[in-house]
Amino acid sequence: MKEKAEQIKSTLLKDIESVKKIQELMDLKSKYLGKSGMITELTKNMKDLSVEERKEVGMISNTLKNEVTEIIEQCEKKINEELLNEKLQNEVIDITLPSKKIKRGSLHPMTRITEEFEDLFVSMGYTVYSGPEIESDENCFQKLNLPKGHPARDAQDTFYLTDEVESFLLRSQTSTAQVRAMEENVDKGPIRIVCPGKVYRRDEDATHSHQFMQIEGLVIDKNVSMADLKGTLELFCKKILGEKTQVRFRPSYFPFTEPSVEVDVTCFKCGGKGCNLCKQTGWIEVLGAGMVHPDVLSMSGYDPNVYQGFAFGTGIDRFAMFKYGIPDIRTIYGNDIRFIEQFDRKDED
């Protein structure tokens, strides 16, 4: 038995010298260790042996099996190392070759402007507040002093989920978030928030879109005045459009504020001298604002005799168009990667 085992081991050592490939090694492994292999044949007739002979045969076959397995594993390791070294030698990277240009992503202009607005107002002590885009007629209009049949609703014609009789619609202004913030403030204490988000109206041309972005601000506290509103908006416009920007306030009308103002800034293209962008006036309208109407405060649970507030709102898209010189609002919501890639360079300028 020992002689047979030594003979098998010796034959394996001779056979393995000619092995150069993994497949050849697997065939050799099957020849010696497979179900019909040479080592298996040694124990084929163990049932005919005595107990002592079985122990001896089992011990010899197990020792031989371990030795053969180790020899095959060492050979496999050697072949794999040779294959790896050959691959490394043949696939050396030529670092002198020009590299492939990797396309770099870029923040969307709306994201850039929105983050710039939020950072500014957060530095002034405001909290960023958001609300749902599907709203009730009550929050979108009625609690903002726009009852059903009010003519000012025509300017905010939006998308109703079924028809105007139903109570839910796509919000036409982010003021709905202000209503929610006032109602959620159960203590009816001071509020200082900005509400950026998508709004919807049935418009579409070069300067209007059926979907666009607004940011609105709301401050409610005791002894709040128009002077606080003017100071806030002057700081806002100068920080966003440049320190040389001049701000002008004109009387206006909004149902949810009283008194109300339109806010103009000096044209950033001509510096107020007059050009085609500002229609030779030197001024560009950028936002609307005013003191919160007492009825709006009352409908959300605030006592207008104790608290006052101011609100303001603007289209983020409009500021993006002004800052980056975008002629058509529809390109902002397009899908062209070439449009988005250019804004990294514009910010660097």
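In this structure, K198 fails the cation-pi test against F212, since its NZ or CZ atom is not both closer than 6.0 Å to the six-membered ring centre and inside 45 degrees of the ring normal.
A single hydrophobic cluster is not seen to contain both V186 and I220; linkage of ILVMFWY side chains at heavy-atom distances under 4.5 Å, directly or through other members, places them apart. Connection of F168 to Y200 is established within a shared hydrophobic cluster, with ILVMFWY side chains joined at heavy-atom distances below 4.5 Å, either directly or through further cluster members. When hydrophobic clusters are built by joining Ile, Leu, Val, Met, Phe, Trp and Tyr residues whose side-chain heavy atoms come closer than 4.5 Å, directly or via intermediates, I72 is grouped together with L83. Note on M110 and V199: same hydrophobic cluster, where clusters join Ile, Leu, Val, Met, Phe, Trp and Tyr whose side-chain heavy atoms are under 4.5 Å apart, directly or indirectly. The hydrophobic cluster containing M299 does not contain F141, counting ILVMFWY residues as joined when their side-chain heavy atoms lie under 4.5 angstrom apart, directly or transitively.
No more than 12 heavy-atom neighbours from other residues, nucleotides or ligands sit within 6.0 angstrom of CG on N223. Within 6.0 Å of CD1 on I134 lie no more than 12 heavy atoms contributed by other residues, nucleotides or ligands. Within 6.0 Å of the CD atom in E70, the count of heavy atoms belonging to other residues, nucleotides or ligands does not exceed 12. Residue Q89 places its CD atom among 12 or fewer non-hydrogen atoms of other residues, nucleotides or ligands, all under 6.0 Å distant. Atom NZ of K188 is surrounded by more than 12 heavy atoms from other residues, nucleotides or ligands within 6.0 Å.
Scanning all heavy atoms of the two residues, the minimum distance from C75 to L25 falls at SG-CD1, 3.8 Å. Annotation for V19 and I79: closest pair CG1-CD1, 3.9 Å, computed over non-hydrogen atoms. In terms of heavy atoms, Y126 sits closest to T232 at OH-CG2, 3.7 Å. Scanning both residues, F117 and I215, for their nearest heavy atoms gives CD2-CG2, 3.5 Å. The minimum heavy-atom distance between I284 and C267, with the atom names listed, is CD1-SG, 3.9 Å. The nearest pair of heavy atoms linking C237 to V286 is SG-CG2, 4.5 Å.
Checked against the 6.0 Å centroid criterion, the rings of F319 and F236 qualify as a close aromatic pair. Checked against the 6.0 Å centroid threshold, F121 and F312 count as a close aromatic pair.
Between the D295 side chain and the N145 main chain, no donor and acceptor come within less than 3.5 Å of each other. The backbone N or O of N139 lies less than 3.5 Å from a partner atom in the side chain of S136, making a donor-acceptor pair. Using a distance-only test at 3.5 Å, with no hydrogens or angles considered, a donor-acceptor pair links the side chain of R201 to the main chain of S172. In terms of modelled atom types and a separation under 3.5 Å, the side chain of E24 and the main chain of K20 share a donor-acceptor contact. At distances below 3.5 Å, at least one donor-acceptor pair connects side-chain atoms of Y302 with backbone N or O atoms of G189. With hydrogens and angles ignored, the 3.5 Å screen pairs a side-chain donor or acceptor of N85 with a backbone N or O of E81. Put simply, the side chain of S123 gets close to the backbone of L120: a donor and an acceptor are under 3.5 Å apart. Of the possible polar contacts, one joining the N90 side chain to the E86 backbone as a donor-acceptor pair under 3.5 Å is found. For the pair H293 (side chain) and P259 (backbone), a donor-acceptor distance under 3.5 Å is absent. Side chain of Q173 to main chain of C140: a donor-acceptor pair is present (N/O by atom type, distance under 3.5 Å, no hydrogens or angles).
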Practice item. May I have the step-by-step check of side-chain contact (heavy atoms from CB on, under 4.5 Å) for R171 and T174, ending in yes or no? Key: CA-CA 7 Å; R171 67 182 182 183; T174 52; 3.9 Å; yes
Practice item. For V292 and L218, run side-chain contact (heavy atoms from CB on, under 4.5 Å): C-alpha distance rounded to whole Å, both residues' side-chain angles, the deciding distance at 0.1 Å, then the answer. Key: CA-CA 9 Å; V292 179; L218 173 68; 3.7 Å; yes
Review point. When you look at M124 and L235, which way does the side-chain contact (heavy atoms from CB on, under 4.5 Å) test go after all the steps?
Key: CA-CA 10 Å; M124 295 166 63; L235 176 62; 3.8 Å; yes
Practice item. Decide side chain to side chain donor-acceptor pair (under 3.5 Å) for Q142 and D137; before the verdict, give the C-alpha distance in whole Å, the side-chain angles of both, and the deciding distance to 0.1 Å. Key: CA-CA 7 Å; Q142 296 176 44; D137 182 277; 2.7 Å; yes
Point to revise | side chain to side chain donor-acceptor pair (under 3.5 Å) between S300 and E183, intermediate numbers included | key: CA-CA 5 Å; S300 294; E183 291 184 339; 4.6 Å; no
Review point. After noting the C-alpha distance and the side-chain angles of D27 and Q23, does the key distance pass the side chain to side chain donor-acceptor pair (under 3.5 Å) rule?
Key: CA-CA 6 Å; D27 294 340; Q23 186 57 50; 3.2 Å; yes
Practice item. Step by step, work out the side-chain contact (heavy atoms from CB on, under 4.5 Å) result for I191 and M182. Key: CA-CA 8 Å; I191 291 177; M182 286 190 286; 3.9 Å; yes
Exercise for review: Could you check E135 against R180 for salt bridge (Lys or Arg N to Asp or Glu O under 4.0 Å), going step by step and ending with a plain yes or no?
Suggested key: CA-CA 10 Å; E135 262 294 2; R180 288 178 172 270; 2.4 Å; yes
Exercise for review: Any chance you could lay out the ring-ring contact (aromatic ring centres under 6.0 Å, His included) test for F254 and F310, step after step, and finish with the verdict?
Suggested key: CA-CA 12 Å; F254 301 110; F310 64 77; over 10 Å; no
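Using a 4.5 Å cut-off on side-chain heavy atoms (C-beta onward), I193 and V128 make no contact. Using a 4.5 Å cut-off on side-chain heavy atoms (C-beta onward), C195 and Q178 make contact. Annotation: side chain of P109 is in contact with side chain of F339 (closest heavy-atom distance under 4.5 Å). Side chains of T266 and L241 form no contact here, defined as non-hydrogen atoms less than 4.5 Å apart. Inter-residue side-chain proximity for V247 and D264 is flagged as unmet; no heavy-atom pair is nearer than 4.5 Å.
To the nearest 0.5 Å, atoms CD (Q246) and CH2 (W283) are separated by 5.0 Å. For the atom pair I316 CD1 and M213 CE, the distance stands at 4.0 Å (nearest 0.5 Å). Interatomic distance, OG1 of T176 versus CG of L144, reported as 8.0 Å (0.5 Å rounding). With rounding to the nearest 0.5 Å, the separation of CD in Q308 from NZ in K222 is 10.0 Å. For the atom pair OG1 (T314) and CD (E285), the distance works out to 8.5 Å, reported to the nearest 0.5 Å. To the nearest 0.5 Å, atoms OG1 (T257) and CE (M226) are separated by 8.0 Å.
In summary, K239 and E116 do not engage in a salt bridge, as defined by a charged side-chain N under 4.0 Å from a carboxylate O.
A donor-acceptor contact closer than 3.5 angstrom links the side chains of E184 and Y129.
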